[in-house]
Amino acid sequence: MLGRDHALSGAVVLAALAPPLHVGIAHLAAGVVLGAGAGVLPDIDHPDSTISRSFGFLTEWFAWVVDRISGGHRHGTHSLVGIAAFTAGAYGAGLFQLSEPKALTAGHLGFSWHIVPAALVLALLYSSALRALHIGGHFGDLIGVAAALVTCYTGADLVQLTVGAWHVPLLATVVALGCAAHIAGDELTHGGCPLFWPASMHEFHLLPRPLQITTAKLCETWIIFPLLLAGLAVAVWHATGHPLAIPQPSK
Ligand SMILES: [Zn+2]
């Protein structure tokens, strides 16, 4: 699947789940764009992917390291262990940020090392979302870094969402959902994903073989992409407080 469609799928999942997760309108845009970024995150195991090129040689080097650790493209980062590792990283960055309350005060612009890991994760997600969706051109990375700093300094990434019985910060929730959307997307293609890596290399598919899609071919361009765009529009419409069904007149 193309980076663009992976990013859109992450954005759709975030927007669709915003009402049950109680993501307020104030945090919806950040959540949806970060969801798009998390939607391309598992491809950080490939030096040529959208996310690996987002900060030049820095992210390309990081992608090389991830590629070595995770056993190559579409292995570790495309498994349940991968989702858990990315989510734990985002959660840990949030905990570190929280451990220095001064860095969180809205409007407080003092520097603290405690915001650095969260700011790096946020900048990576924002910039790769913009890059994957072809928004912002050469300024996409700058916009991503600026958005990351604003998000950190307002503490928006730490807003607690109710996920079942747990309270999970926005950033960790977004990373988990975006990575899951990515893996589901790759499971629609011929490649599939080894969900139970490293215990098993069996590749899981969501579609029977004749219906599996080929990346960047007609089906992805003319069916998947328009469906994702329409889904995003409907999900954002609903998440911003508009009912999906036409209300029936009361008798
Ligand atoms: Zn992938």
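Quantities reported herein were computed from a predicted structural model and do not represent experimental measurements. Just follow the structure's listing: the first ligand is 1, and inside any ligand the first atom is 1. Scope of the values below: all heavy atoms of this structure, side chains included, with no hydrogens, waters or symmetry mates.
- Not a single N/O/S atom of His73, whether from backbone or side chain, sits less than 2.8 Å from the Zn ion (ligand 1).
- With Ser200 contributing its side chain and Phe196 its backbone, the two residues share no donor-acceptor pair below 3.5 Å.
- For Asp43, the N/O/S atom at the shortest distance from the Zn ion (ligand 1) is named OD1.
- The Zn ion (ligand 1) is the vertex of the angle joining OD2 of Asp186 and NE2 of His78, which measures 90° to the nearest 10°.
- Two rings, from His190 and His205, have their centers 6.0 Å or more apart.
- Salt bridge absent: Arg74 and Asp43 never bring a charged side-chain N and a carboxylate O closer than 4.0 Å.
- Checked against the 6.0 Å centroid threshold, His75 and Trp197 do not count as a close aromatic pair.
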